[in-house]
Amino acid sequence: MSIRVLPDELVDQIAAGEVIERPASVAKELIENALDAGATRIEVDVERGGVSLVRVRDDGCGIAAAELALALARHATSKIASLADLEAATTLGFRGEALPSIGSVSRLRIASRAAAAERGAEVAVEGGAATAVGPAAHPKGTTVEVRDLFFNVPARRKFVRSDATELGHVTRLVERLALSRFDVTFRLTSGARVLLDAPAVADAAAEPGRLAHVLGEDFPQAVLSVRQAAGPALLSGWAGLPTSSRAQPDRQFWFVNGRSVRDRLLMNAARLAYRDVLYHGRHPVYVLYLTLDPKLVDVNAHPAKLEVRFRDSRQVHDFVFRALERALAETRPQSPGTLTPSAEPREPMTSWPAPSALPLYALHLYESTREPWGIAEALEADSPAAAAALAAECRASSESSSAAALTTDGEEHPLGSALGQLHGVYILSQSRAGLVLVDMHAAHERVLYERLKSERASGSEASQQLLEPLVLSLKPHELAALLEERAQWEAAGFELEALSDTQLAVRRAPAYLKVAEIPAVVGSLVRDLAEDSGTHHLEKSAERFLATLACRTAIHAHRRLTLAEMNALLRQMEATERVNQCNHGRPTWTRLTLQQLDRLFLRGR
Ligand code: ADP
Ligand code: MG
């Protein structure tokens, strides 16, 4: 075949192949055009999952009759005029490809009236062939109707799935766009069914309502609000509590400068930020907005603009990771009503992190507290005197039982004051709001783990020299595995020596371990570590080691605690980051409010 220039219609169909994959892609292009036109209300109607009809109606700026034909021409756009505009583009569209592409593979009709015009106008295209522009009655704004998608491209049609599947794609797409602009009303209908009705909201107080409209009533209850700024970047939105994680990553929404993206770098940064608080194989939910100077991000990296390129991807990754990790670290007990921290901006992060200061896994954003071991010391202490001393201290600070529920400035402790133990597993505690239930092992495990991490970060693990080395017998493969990880053990305060291929001498151990407990802790630690990380979400072995150590040294079920010890644990929990989940991502405490109890007993009706 000789070389020839392709006819325009074919060029449009080829371009359509890139951006128009299915009805949802049509809906995306049309809704983005409406948003770019400044619409405040966007109505989307579909029939047969969008295969027979996608209609988008907006109240935006409209298209002048004289420009209607041009809107359908390839590479015709009103949004950029130069390379400089492209580099700073803030509109969702700018390639001038969508309308001609769609027009080449469907029956397209546009009716519009520009704000200044007295009358509306319309134009139609069928498989790429346009009719003349004629008058039409239309309010200010634009209606674009796309019928019979791919009617002239049978090969494409084959890839379109069932109506229900396509409707699902359209619905999720409209939901995503509705999350990108809370100031715009979105309504989606399929025939007579209303699938989404999300009125615009004007202020931050109404945002949870909008989230509930789009993602369901439960969503706003199970999220923390996030707002962190650094240098030219702002991360805001909502991060799901670890307890609201899902089996699929189907509720993860990223927006960069208002554009919905599925970006690997951002998803990875979020995954890392959650790794310390989630079960292996669980996926967090979030709706997050990254706002950056448009010059720092290239949105023209992908025809459908789903991926973006950051000028400094490492910095973006680390900023997002740190900001989210910091927000999640604040999952501590709060009084009811403030369970979800307010949308108040938190203190800005002091600086855009410098690349050199970024050991990804070892970021400790908070000063570690340097008080003694407290609960762990008392619980694990060899001498009854130490336990008695702590108990006395607790009594002194809480002479009257109501004082135990108050902090030094007279505020109520969020976790209240302990009443007793239930079946050796749970602590029951009374707070002003009602009853608090704590899983004592899970909670103590997190308290210890956070403590171990900050001690590790500040290089201040306290260890004890044993008067006589403890000699333990291990299986040869266990001992070999232990010696491979020897550096971890030493960093945690152990001093170990292999006497033979089955005999291990322990000369030093962390100070908080009772001597009598050391053989059991070392033995179970060796076995847990050999079983490997299957149960932990933690990738880095240092963290896995500390988490396992915390799990093995935390108080176990059926250990009797005194009230003073229970209160000491509650106070430690309140002071510990990420304490709402244990190291495996399970919740550590819950609350039954008086209202909930009253409801149970039908009181006050
Ligand atoms: P792009 O969005 O990349 O500019 P399109 O092919 O999607 O390209 O649209 C071409 C032009 O048509 C736009 O630049 C805009 O001027 C006009 N247009 C399309 N849809 C609308 C709309 N809903 N309201 C106002 N103008 C529109
Ligand atoms: Mg467009």
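Indexing begins at 1, ligand by ligand and atom by atom, following the structure's order.
Under 4.0 Å is where a charged nitrogen must lie from a carboxylate oxygen, and between E97 and R74 no such pair does. The existence of a salt bridge linking R314 and D318 is confirmed by a sub-4.0 Å separation between a basic side-chain nitrogen and an acidic carboxylate oxygen. In summary, E166 and R161 do not engage in a salt bridge, as defined by a charged side-chain N under 4.0 Å from a carboxylate O. Ion pair R172/E175 not flagged as a salt bridge, since none of the NZ, NE, NH1 or NH2 atoms sits closer than 4.0 Å to an Asp/Glu carboxylate oxygen. With respect to the salt-bridge test (charged N to carboxylate O, under 4.0 angstrom), the residues D59 and R41 do not qualify. A salt bridge does not link K28 to E21: none of the charged side-chain nitrogens sits closer than 4.0 Å to a carboxylate oxygen. R187 and D45 are not joined by a salt bridge, as no carboxylate oxygen comes within less than 4.0 angstrom of a charged side-chain nitrogen.
Residue-level proximity to ligand 1 for T142 is carried by the side chain, the only part with a heavy atom below 4.0 angstrom. For A37, every heavy-atom contact with ligand 1 shorter than 4.0 Å involves the side chain, none the backbone. Of the heavy atoms in I63, only side-chain atoms (C-beta onward) come closer than 4.0 Å to ligand 1.
Close approach of ligand 1 to P100 (heavy-atom distance below 4.0 Å) involves ligand atoms 6 (O). Of all atoms in ligand 1, numbered sequentially from 1 with element shown, those under 4.0 Å from a heavy atom of A71 are 10 (C), 12 (O). Which parts of ligand 1 touch T77 is read off a 4.0 Å heavy-atom cut-off, strictly below it: atoms 1 (P), 4 (O), 14 (O). Residue A98 approaches ligand 1 through these ligand atoms, each under 4.0 Å from one of its heavy atoms: 6 (O), 7 (O). Below 4.0 Å from some heavy atom of G93 lie the following atoms of ligand 1, by number and element: 2 (O), 3 (O). Near R95, with a cut-off below 4.0 Å to any heavy atom, the atoms of ligand 1 are 3 (O).
Distances between N or O atoms of G96 and those of ligand 1 include at least one value under 3.5 Å. Ligand 1 has a nitrogen or oxygen under 3.5 angstrom from a nitrogen or oxygen of D58. Every N/O-N/O distance between V144 and ligand 1 stays at or above 3.5 Å. Ligand 1 has an N or O atom lying under 3.5 Å from an N or O atom of S78, backbone or side chain. Residue-to-ligand polar distances place F94 within reach of ligand 1: an N/O pair is separated by less than 3.5 Å.
T165 and S162 share a donor-acceptor pair across their side chains, judged by distance under 3.5 Å alone. When only modelled atom types and interatomic distance are considered, R176 and S260 share a side-chain donor-acceptor pair under 3.5 Å. Side-chain contact annotation: D197 with H213, donor-acceptor N/O pair under 3.5 Å absent.
Taking all heavy atoms of I31, L30, N33 into account, the minimum distance to atom 19 (C) of ligand 1 is reached by N33. Within the set A34, G38, A39, A76, the minimum heavy-atom distance to atom 11 (C) of ligand 1 is found for A76.
Scored by the ring-ring contact (aromatic ring centres under 6.0 Å, His included) test, F255 finds Y289 as partners (sequence neighbours excluded). In this structure, the ring-ring contact (aromatic ring centres under 6.0 Å, His included) partners of Y286, at least two apart in sequence or on a different chain, are W254. Contacts of S25 classified as side chain to side chain donor-acceptor pair (under 3.5 Å), with partners at least two apart in sequence or in another chain: none.
Put simply, part of K79 is less than 4.0 Å from ligand 1, judged by heavy atoms. By the 4.0 Å heavy-atom criterion, S112 is excluded from the residues contacting ligand 1.
For the Mg ion (ligand 2), protein N/O/S neighbours under 2.8 Å (waters excluded) are N33 OD1.
Within the 4.5 Å cutoff, side-chain heavy atoms of P284 are placed close to those of Q252. Looking only at side-chain heavy atoms (C-beta outward), T143 and D58 stay at 4.5 Å or farther from each other.
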